[in-house]
Amino acid sequence: MNDECALAQDAPSAEPRGCLFALSQPPLMLFLAVIGLLLLLGAVHDLYIL
């Protein structure tokens with residue numbers, strides 16, 4: 001068995017965190033929103049302006 005996995009199972013955590021815990025962080029969501037907006041603006045520019 002993997003040592004990291006064994007350590008993670010033995011250590012008690014205050015609250016269980018799921019796989020989507022990182023996406024619930026506001027700085028990451030703002031960053032992803034800005035990147036998505038830039039991609040959307042680029043796509044609209046390519047489709048309708050060029």
Original post:
Which residues, ordered by chain and number, are linked to Leu41 in its hydrophobic cluster, where ILVMFWY side chains connect at heavy-atom gaps below 4.5 Å, directly or through other members?
Top reply: Leu37
Original post:
Do the side chains of Val44 and Leu39 join up, straight or via other hydrophobic residues, at under 4.5 Å, putting them in one cluster?
Top reply: no
Original post:
Which ILVMFWY residues are connected to Leu38, directly or by a chain of links, through side-chain heavy atoms under 4.5 Å apart?
Top reply: Val34
